[in-house]
Protein chains: 2
Amino acid sequence: MRALANFTTAEIERAKRYASAIPPADLDPRIGALVNELIGRVADKWTMMILETLAEQGELRFTRLSEFVKGISQKMLTQTLRNMERDGLVICTVHPVVPPKVEYRLTGLGLRLGSAFCGVWVWAAENLDHVEKARQLFDGKAKAGS
Amino acid sequence: MRALANFTTAEIERAKRYASAIPPADLDPRIGALVNELIGRVADKWTMMILETLAEQGELRFTRLSEFVKGISQKMLTQTLRNMERDGLVICTVHPVVPPKVEYRLTGLGLRLGSAFCGVWVWAAENLDHVEKARQLFDGKAKAGS
DNA sequence: TCCGACACTCTCTTTCAAGTAACTATAGCA
DNA sequence: TGCTATAGTTACTTGAAAGAGAGTGTCGGA
């Protein structure tokens, strides 16, 4: 698939305008689908946490990374890192020494994704209590209604 | 729609500062955990697609919404909408007529989340081909290595 | 009388993502 | 000789999410 073949600069500009306003409306729906697929891959728990950690810490070794990302198993860490590497979000540098030394850091792509997610992060941080309240209200109503 | 009702200028400024730098690092780690939980809930495929659709279309009825969000089952649509309602992202208005008429639209919270995600959306749109290339490269190397 | 529209709701089945825990290779060290 | 550290595999198990598809209630219209 040649993803962005017919995705013009004008369309990207439009996307940017929308981003500052609200709706990413009438773009080619095929692009929408591709984007959704990409977001689906990239927006999982561990990817986001690794992204965050590497954005904060810079370069990290495997074990150190696993310490920062609390609760992750070696398996999940390897798996997620491999996927991120495949998608061009991280680079892994292998030093051929023993015991092995492998360092991970974000690429430009990864860094930019990190700051894109920052908007969501900020939203979440600022609206945590709104959401909390909404939930209580909702649950209260549900209980009252039953 | 009075989206930005209780979103102060100060908060917006703070958000912008966070977004332009990189790490939302040094906040209370408990907040980090909560935020991650919230993002985990909010960042799933259907939620994002519904968010997008409602941001574009404004107010929609159940069946119409299910037409826009391609591939979603009634079950998933109901389930996702209930969760979004619970989190204060959508409001559902029930008109007590027969046949039933229920309309869904985003709240201010939902709209703001939508535009927060927009950054990710734009990232995805702009970097689809980078990711595609990275994958081909990676898969090529993997094949060559094996 | 039966159908269709609408917005669900329920059950059943399958799938797949994620966790656990043990195993690998290698060199230096005691 | 066995132990440790490092960066992973591999096999097995489990739980939760998702899809399919039928059922529900109500009313107006043919």
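What you see below is based on every heavy atom in this structure, not just the backbone, and it leaves out hydrogens, waters and symmetry mates. Every chain is numbered from 1, with letters handed out A, B, ... down the list of sequences.
- Around atom CZ of R64(B), no more than 12 heavy atoms belonging to other residues, nucleotides or ligands sit under 6.0 Å away.
- Connection of V94(A) to Y104(A) is established within a shared hydrophobic cluster, with ILVMFWY side chains joined at heavy-atom distances below 4.5 Å, either directly or through further cluster members.
- Side chain of S115(A) to main chain of C118(A): no donor-acceptor pair is present (N/O by atom type, distance under 3.5 Å, no hydrogens or angles).
- In this structure, R61(B) reaches the dA7(C) phosphate: one of its side-chain N or O atoms is under 4.0 Å from OP1 or OP2.
- At distances below 3.5 Å, at least one donor-acceptor pair connects side-chain atoms of W123(A) with backbone N or O atoms of L109(B).
- Distance, Y104(A) OH to dA7(D) P: 8 Å, rounded to whole Å.
- A side-chain hydrogen bond (donor to acceptor under 3.5 Å, both in side chains) with H95(B) holds for exactly one of K101(B), E103(B), R61(B); it is E103(B).
- Distance NZ (K101(A)) to P (dT4(D)): 23 Å, rounded to an integer number of Å.
- Between T78(B) and dC8(C) there is no side-chain N or O to OP1 or OP2 distance below 4.0 Å.
- Between H95(B) atom NE2 and dA7(C) atom C1' there is a gap of 13 Å when expressed in whole angstrom units.
- With rounding to whole Å, E67(A) atom CD is found 13 Å from dA7(D) atom C1'.
- For the 3.5 Å distance criterion, the side chains of E52(A) and W121(A) qualify, holding a donor opposite an acceptor.
- In this entry the distance linking CG of L77(B) with C1' of dC8(C) reads 10 Å, nearest Å.
- Among residues two or more places apart in sequence or in another chain, the salt bridge (Lys or Arg N to Asp or Glu O under 4.0 Å) test is passed with R86(A) by D139(B).
- Distances from the side chain of P99(B) to the nucleotides dT9(D), dC8(C), dA5(C) place dA5(C) closest.
- In this structure, the helix from dT1(C)-dA30(D) to dA30(C)-dT1(D) shows an angle of 40° between the axis at its start and the axis at its end, each fitted on 5 base pairs and rounded to 10°.
- Considering L113(B), V90(B), T107(B) as possible partners of M84(B), the one that fulfils the side-chain contact (heavy atoms from CB on, under 4.5 Å) test is V90(B).
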* Would you give a per-nucleotide map of nucleotides 16-25 of chain C, 5' to 3', where B means the base has a protein non-hydrogen atom under 4.0 Å away, S means only the sugar-phosphate does, and - means neither? => --BBB-----
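- Distances shown here put every side-chain N or O of R64(B) at or beyond 4.0 Å from the OP1 or OP2 atom of dC6(C).
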